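For the single chain, residues carry numbers from 1 onward in sequence order. Please read all numbers here as calculations on a predicted model, not as lab measurements. Atoms within a ligand are numbered from 1 in the order they appear, just like the ligands themselves.
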Amino acid sequence: MRRPFIAGNWKMNLNRADCVALARAVAEQVAAGGPVDVAVCPPSVYLDAVAQAIRGSAVGLGAQNMYFEGNGAFTGELSAAMLLDVGCKYVILGHSERRALLNESDAVVNQKTKAALAVGLIPIVCVGETLAQREGGQTRQVVTTQFDGSLAGLTNEQMSQVVIAYEPVWAIGTGKVATPAQAEEVHAELRQLLASRFSPAVAEQVRLQYGGSVKPDNAAELLSQPNIDGALVGGAALKAESFLGIIAGAKA
Ligand code: PEP
């Protein structure tokens with residue numbers, strides 16, 4: 001049985017006080033031993049403050065990015081060990097905004113995924129097609145290429161630790177949510193890829209999140225699909241009420 005997993009990606013939003021207040025509001029409402037894993041992913045400069053705010057709660061901490069090298073002359077970058085040191089359990093990798101705006105390739109996502117796993121961080125690896133790719137009938141091919149490139153060379157044991165987020169680019173921050181059927185179709189394909197590239201047991205274990213304009217009013221239906229095990233939430237994670245509403249949808 002895969003535990004539902006809802007993660008909030010706060011992106012480059014909020015200030016320190018907002019982050020702490022939001023983290024506290026979420027942490028107060030997420031019960032320990034509850035049926036859903038929950039994480040918040042603040043901007044990296046506020047990771048430490050948020051770590052303090054959620055200390056002792058059931059909410060996990062995630063970063064939005066990291067570099068694959070261990071340490072050294074990499075100005076501006078953060079290593080996996082640094083994220084672990086500040087209290088992170090998760091790290092989002094290969095988000096479409098990073099792929100599109102910062103030219104992050106599948107090969108780089110792959111190096112980052114391996115570096116995260118090496119220190120015990122759980123990578124949330126994002127894949128997803130653009131609108132032009134979907135309209136061109138290329139969704140399956142694009143997602144397969146991203147899957148193969150980003151997850152190349154992982155052992156079955158490593159793969160079973162990874163979370164994959166399917167985030168159609170056209171649904172991110174646009175209010176255009178994929179229908180449950182559209183999302184489920186790609187999630188089912190990802191599950192098949194896990195079985196064929198790794199093993200049926202790995203496919204059963206790996207959690208697949210949907211991301212793209214998830215809101216309290218569409219979460220329950222998306223999350224009730226057989227291959228959708230959670231959500232990666234952007235805009236609706238910036239308010240405690242809407243994020244908690246989505247978490248409630250995962251329990252329904
Ligand atoms: C995201 O960027 O991961 C995301 C899913 O954003 P939104 O929920 O705002 O579409």
Discussion item. Within the structure, is a non-hydrogen atom of Ala171 found at a distance of less than 4.0 Å from ligand 1?
Written reply: yes
Worksheet item: Do we see a donor-acceptor contact under 3.5 Å between the side chains of Glu184 and Asn227?
Response: yes
Worksheet item: With a 4.0 Å heavy-atom cut-off (strictly under), which part of Ile172 contacts ligand 1: side chain, backbone, both or neither?
Response: both
Worksheet item: So which heavy atom in the protein is nearest atom 2 (O) of ligand 1, and how far is it from that ligand atom?
Response: Lys11 NZ, 2.5 Å
Discussion item. Using modelled atom types and a 3.5 Å cut-off, is there a donor and acceptor pairing between side-chain atoms of Asp106 and backbone atoms of Gly149?
Written reply: no
Item to complete: Give a yes/no verdict on whether any heavy atom in Gly212 is under 4.0 Å from an atom of ligand 1.
Response: yes
Worksheet entry | Which residue and heavy atom of the protein sit nearest atom 3 (O) of ligand 1, plus the separation | Glu167 OE2, 2.7 Å
Fill in: Protein heavy atom at shortest distance from atom 9 (O) of ligand 1
Gly235 N, 2.8 Å
Worksheet entry | Shortest protein contact, atom 1 (C) of ligand 1 (heavy atom only) | His95 NE2, 3.2 Å
Distance-only donor-acceptor pairs under 3.5 Å for side chains of residues 9-29, two or more places apart:
residue: Asn9; atom: OD1; partner: Lys11; partner atom: N; Å: 3.0
residue: Trp10; atom: NE1; partner: Ala237; partner atom: O; Å: 3.3
residue: Lys11; atom: NZ; partner: Glu97; partner atom: OE2; Å: 2.8
residue: Asn13; atom: ND2; partner: Trp10; partner atom: O; Å: 3.0
residue: Asn15; atom: OD1; partner: Ala17; partner atom: N; Å: 3.2
residue: Asn15; atom: OD1; partner: Asp18; partner atom: N; Å: 2.8
residue: Asp18; atom: OD2; partner: Asn15; partner atom: N; Å: 3.3

Could you give the side-chain donor-acceptor pairs of residues 67-91 under 3.5 Å, partners two or more places apart or in another chain?
residue: Ser79; atom: OG; partner: Ala81; partner atom: N; Å: 3.4
residue: Ser79; atom: OG; partner: Met82; partner atom: N; Å: 3.1

Worksheet item: Is there any N or O on Gly173 that sits under 3.5 Å from an N or O of ligand 1?
Response: yes
Worksheet item: Nearest heavy-atom pair of Leu47 and Gly62: which atoms, and what distance?
Response: CD2-O, 3.4 Å
Item to complete: Give the atoms of ligand 1, by number and element, whose distance to some non-hydrogen atom of Asn9 is under 4.0 Å.
Response: 2 (O), 3 (O)
Worksheet entry | Identity and distance of the protein heavy atom lying nearest atom 8 (O) of ligand 1 | Gly234 N, 2.8 Å
Fill in: Distance-only side-chain donor-acceptor flag, Glu104 / His95, under 3.5 Å
no
Worksheet item: Any sub-3.5 Å donor-acceptor pair from Ser213's side-chain atoms to Val177's backbone N or O?
Response: no
